[in-house]
Amino acid sequence: MPLHVKTPLLRSTALSHHHGAPVWLKLESAQPSGSFKLRGMARACETAIAGGAARIITSSGGNAGLAVAWACRQLGVPAIVVVPRRTAPRMRALIAAEEAEVRVHGEVWDDAHAHALELAPALDGAVVHPFDDPEVWAGHASLVTEVAAELPEPPEAFVVAVGGGGLLCGVMAGLHAVAWSHVPVLAVETTGAASYAAALSAGTAVTLPAIDSLALTLGAKRVCDRSVQWASEHPVTPWQCTDAQAVAACSAFLDDHRILVEPACGAGLAAIYADRGPLAGRSVVVVVCGGASVTRAQLADWEAQVRSPRETSSSVGKCTVAGAPLTVRSS
Ligand SMILES: *Cc1c(COP(=O)(O)O)cnc(C)c1O
C-alpha cells in the first residue's frame, strides 16, 4: 500500500486570473512529509526492504531525507539520514522527530552522500538516492496518474521545478504512462541553480562550479543523466526566475491559498505570477512541490535578503507579485 496520500487538484481562481487561463494546482505540499518526495522515496524504501535491506540510509539534508524518515517510521525499519553541516537545525529536528538517526557529515550534499555509501555495507543498509533512481521516478510518476484521472482533458503544459531532475523524470514517465506524451513541460530553476538549463545547452549533464540561490532544494550542481535524455523524447522548455521572484511567489501564494511553500516551489509558481510569463494564456498544471523547510519567520528573512541590490541586476522578466494577492486582469 502506498505511503503517500492522493493530493488535491485545485483549479485556482487567483492564479487563473493572473495567468489568463486555467491554472490547476497539484498540491504535493499536502503530503504528510510536506513535499512530493514521499511518493518516490517511500517507493524506493519499500523496494529496498523487500530486497532484504535491514535499514535505509539516505543522504539528503532536505525534503528527501524527511520523506525517508517518515516512510521508514511507518514501515518500522530504522533509517539513517546523513546531512551536510549546512543543513539547518530545524530540518535536522524534523527528521529526528520522525525517529530517524541524523548523522552530520561534510560541508555539502556530495560529502554526505559519499559517507552514506561508505556506511551502508557494514550496517546491512540500502542507500536510497534522493533523485537518481528509477524507483524514485516511478513513485513520483503517480502524481500525474492522479491528475489524469481527474482532468477530462490534458492541460496545455505542466510546470515542474528542477533540482537534481528526479521530479522531472517522474513527471515525464507519468505523462507517457497516461498517453499525454505531447503535453509540454516547463522545467523551472532559479538563475543561481540552473543545472538543467546548462545541461540542455551542453547536450549532456554538466557540473556547475557553484550554487548561488536561496532555493537550496534546487541546488544540485549536476542533474541526473536521465533528465537530460528526456529532452530528446519529450517537449521540455527550461525557464529561470530570480530568487526574488521565487520568494515573492511564495508570499503571494501564502496570501492567495494560505499555503506556505519553499522557494523551490515558489520558482514554479513564479512562472504563473510573473508578468507575461512563459506560458501566458495556456492552461497549466503546476506541481506545487511544497517543502518542509519553511516558516513564516524564514520567509520574512528571505524577503529581506532579496531586497538587497544583488538581485536586481540578474532579473529575468518583471515580477509583479509582491503585495498583490489578487489582481484581476482586464484583458
Ligand atoms: C526535491 C525538491 C525539488 C526538486 O526535485 P528534484 O527531484 O531534485 O529535481 C523541488 N521542490 C521541492 C520542494 C523539493 O523537495
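Read the numbers this way: they start at 1 and go in the same order the structure lists the ligands and their atoms. A quick note: this is a predicted structure, and the numbers were derived from the prediction, not measured.
Using a 4.0 Å cut-off between charged side-chain N and carboxylate O, Arg55 and Glu101 make no salt bridge. Under the 4.0 Å criterion applied to side-chain N and carboxylate O atoms, Glu135 and Arg43 are assigned as salt-bridge partners. Using a 4.0 Å cut-off between charged side-chain N and carboxylate O, Glu28 and Lys37 make no salt bridge.
Geometrically, ligand 1 and Asn63 share a nitrogen or oxygen pair separated by less than 3.5 Å. Residue Gly164 has at least one N or O atom closer than 3.5 Å to an N or O atom of ligand 1. Below 3.5 Å of separation, one finds an N or O of Gly163 facing an N or O of ligand 1. Of the N or O atoms in Lys37, one or more lie within a sub-3.5 Å distance of an N or O in ligand 1. By the 3.5 Å distance cut-off applied to N or O atoms, Gly166 is counted among the residues near ligand 1. Residue Leu167 places at least one N or O, backbone or side chain, under 3.5 Å from an N or O of ligand 1. Checked against a 3.5 angstrom limit, the closest N/O atoms of Leu168 and ligand 1 fall outside it.
With hydrogens left out, the protein atom closest to atom 5 (O) of ligand 1 is Phe36 CZ, 3.5 Å, a heavy atom. With hydrogens left out, the protein atom closest to atom 11 (N) of ligand 1 is Cys289 SG, 3.2 Å, a heavy atom.
Note on Phe253: it clusters hydrophobically with Leu279, by side-chain heavy-atom contacts below 4.5 Å among ILVMFWY residues.
Taking every non-hydrogen atom of Ala264 and a distance limit under 4.0 Å, the qualifying atoms of ligand 1 come out as 11 (N). Numbered from 1 in the order shown, with element, the atoms of ligand 1 that lie under 4.0 Å from a heavy atom of Val162 read 9 (O). Counting the atoms of ligand 1 from 1 in the order shown, those under 4.0 Å from a heavy atom of Leu218 are 10 (C).
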message: Let's go through Glu233 and Met172 carefully: what are the C-alpha distance in whole Å and the side-chain angles of both, what is the deciding distance for side chain to side chain contact (heavy atoms under 4.5 Å, CB included) to 0.1 Å, and is it a yes or a no?
response: CA-CA 9 Å; Glu233 298 164 39; Met172 296 295 201; over 6 Å; no

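Checked against Val185 for a side chain to side chain contact (heavy atoms under 4.5 Å, CB included), the options Val159, Val162, Thr237, Leu175 give a single hit: Leu175.
Heavy-atom separations between Gly165 and ligand 1 include at least one value shorter than 4.0 Å. Distances from ligand 1 to the non-hydrogen atoms of Gly290 include at least one value under 4.0 Å.
Between the Tyr196 side chain and the Leu168 main chain, no donor and acceptor come within less than 3.5 Å of each other.
Ring geometry, Phe131 versus Trp109: the interplanar angle falls from 30° to 60°, so the pair is classed tilted.
A heavy-atom distance below 4.5 Å is not found between the side chains of Glu107 and Arg86.
Taking only non-hydrogen atoms, the option from Thr217, Val261, Asp132, Val188 nearest to atom 12 (C) of ligand 1 is Thr217.
Of all the heavy atoms of His140, none lies under 4.0 Å from any atom of ligand 1, so neither backbone nor side chain is involved.
Screening residues 20-77 for ring pair (Phe, Tyr, Trp, His ring centres under 6.0 Å) gives Phe36-His140 as the qualifying pairs, with residues at least two apart or on separate chains.
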